[in-house]
Number of protein chains: 2
Amino acid sequence: MIARRKNRVVNPPEHCPLGQCLSIIGGAWTPNIIWYLSSQSRRFSELKDDLQGISPKVLTQRLRKLENEGIVNRKVMPTSPPTVEYSLSELGKELKPAIEAIVAVGEKLKKIKTAEAILGA
Amino acid sequence: MIARRKNRVVNPPEHCPLGQCLSIIGGAWTPNIIWYLSSQSRRFSELKDDLQGISPKVLTQRLRKLENEGIVNRKVMPTSPPTVEYSLSELGKELKPAIEAIVAVGEKLKKIKTAEAILGA
DNA sequence: CTTTGTAGTATCCAGTTGGTAACCACATAA
DNA sequence: TTATGTGGTTACCAACTGGATACTACAAAG
């Protein structure tokens, strides 16, 4: 029988910022929405075209949630018919380094996988 | 009627590294598992204690998946009963900057939310 | 008068996820 | 002899997720 090691690792900082942040960028399409908005503001139907395959329901859901969390600004333009401009808020822009770090890792992973595929591993 | 803007935003790099990476760190408990393993190697039951509330089923699922993806190393020790050491692979360590960036954002979010709570916003 | 584009809603449904609980063989400690 | 710890596995199930589809009101263009 083996003595159980008792040393606890440092806990993830209280009430886990990991979960905090991942609950925002988690969910299908969400990171992509943030990605598109990070370079410029976009209208609803523009986003729908950018994110090929997303249903209007899900796009609305995501945008509403991001708006409630203060990540995204929603601005109705007085055109006819009214158009709606979505953009990243200042808070939303804080997400960019995280997204970029994730993208960077994703690219490394892709390289490794393609290398493996070529080597037939 | 409004002319649809035609300018397309830069696409997320092909076959989206975002999704690539998020499919790895996504899923309940996964980021936390990586967090714990990032500071030292841990045994199955140690992780189970670290991640209070995780069921053995899910822990196994996560570890198996991470192992298949080459993020985590699994090493059976010749003790009695056999113990199993999990650790981050070199590839797994590449995830750390991304996790740290996410944690950083999570902390900012938390500060903002607590500030809002105090101000009664 | 019909069509088009706007920004969504409403409804239904299938698939996935994650949780609970029970169970396993084995060896050792009490 | 019985209990304990090891690292899981299995079956079941409720909840959540996201996709497909159809639908809306309104105004303007043709």
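Labels below follow one simple rule: chain letters A, B, ... track the order of the sequence lines, proteins then strands, and each chain is numbered from 1. No hydrogens, no waters, no symmetry mates; every other heavy atom, side chains included, goes into these values.
Proximity note for B:Thr83 (side chain, C-beta onward) versus D:dG8, D:dG7, C:dG8: the nearest is D:dG7. Set against D:dA27, D:dT6, D:dG19, the side chain of A:Val58 has D:dG19 as its closest nucleotide. Set against C:dG8, D:dA28, C:dA27, the side chain of B:Ser80 has C:dA27 as its closest nucleotide. Across D:dT9, D:dG18, C:dG5, the shortest atom-to-atom separation from the side chain of A:Pro81 is found for C:dG5. Here the nucleotide nearest the side chain of B:Phe44, chosen from D:dG8, C:dA7, C:dA27, is D:dG8. The nucleotide whose nearest atom lies closest to any side-chain atom of A:Arg43 is, among C:dT6, C:dA27, D:dT9, C:dT6.
Put simply, the side chain of A:Arg42 never gets that close to the backbone of A:Lys48: no donor and acceptor are under 3.5 Å apart. A side-chain donor-acceptor contact under 3.5 Å links A:Ser89 to the backbone of A:Gly92.
In terms of phosphate contacts, A:Arg74 brings a side-chain nitrogen or oxygen within less than 4.0 Å of OP1 or OP2 of C:dG8. Contact between the side-chain N/O atoms of A:Ser45 and the OP1/OP2 oxygens of C:dA7 is found at a separation under 4.0 Å. Distances shorter than 4.0 Å separate some side-chain N or O of A:Arg64 from OP1 or OP2 on C:dT9.
The CD atom of B:Glu46 sits 9 Å away from the P atom of D:dT6 (whole-angstrom rounding). In this entry the distance linking OH of B:Tyr86 with C1' of D:dG7 reads 7 Å, nearest Å. Note: NZ (B:Lys48) to P (C:dT20) measures 12 Å, nearest angstrom. Between the CE atom of A:Met77 and the P atom of C:dT6 there is a distance of 14 Å, rounded to whole Å. Here D:dG8 presents its P atom at 9 Å from CD of B:Glu67, a figure rounded to the nearest Å. B:Ile54 has its CD1 atom 14 Å from the P atom of D:dT9, to the nearest Å. Between A:Arg62 atom CZ and C:dG8 atom P the separation is 15 Å, expressed in whole Å. A:Leu51 places its CG atom 15 Å from the C1' atom of D:dG19, with the value rounded to the nearest Å.
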With a cut-off of 3.5 Å and sequence neighbours excluded, list every side-chain donor-acceptor pair involving residues 95-104 of chain A.
{"from": "A:Lys96", "atom 1": "NZ", "to": "A:Ser38", "atom 2": "O", "distance (Å)": "3.4"}

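If you take CD1 on A:Ile33 and CG on A:Leu88, they are separated by 10.5 Å, rounding to the nearest 0.5 Å. Note: B:Leu18 CG to A:Thr30 OG1 = 11.0 Å, rounded to the nearest 0.5 Å. Separation of atoms CD1 (A:Ile25) and CD1 (A:Ile34) is listed at 6.5 Å; rounding is to 0.5 Å.
Checking A:Pro56 against A:Trp29, the closest nucleotide of DNA chain D that is more toward the 5' end is the one next to A:Trp29. Both A:Lys57 and A:Val84 lie near DNA chain C, and the one whose nearest nucleotide falls closer to the 5' end is A:Val84.
Taking the side chain as every heavy atom from C-beta outward, A:Lys113 and A:Lys110 never approach each other to under 4.5 Å.
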Dot-bracket for DNA chain D, please. Rules: Watson-Crick or G-U, both distances under 3.5 Å, ( ) within the strand, [ ] when a pair crosses earlier ones, | for another strand, . otherwise.
||||||||||||||||||||||||||||||

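Within a 6.0 Å radius of NZ in A:Lys108, no more than 12 heavy atoms belonging to other residues, nucleotides or ligands are found.
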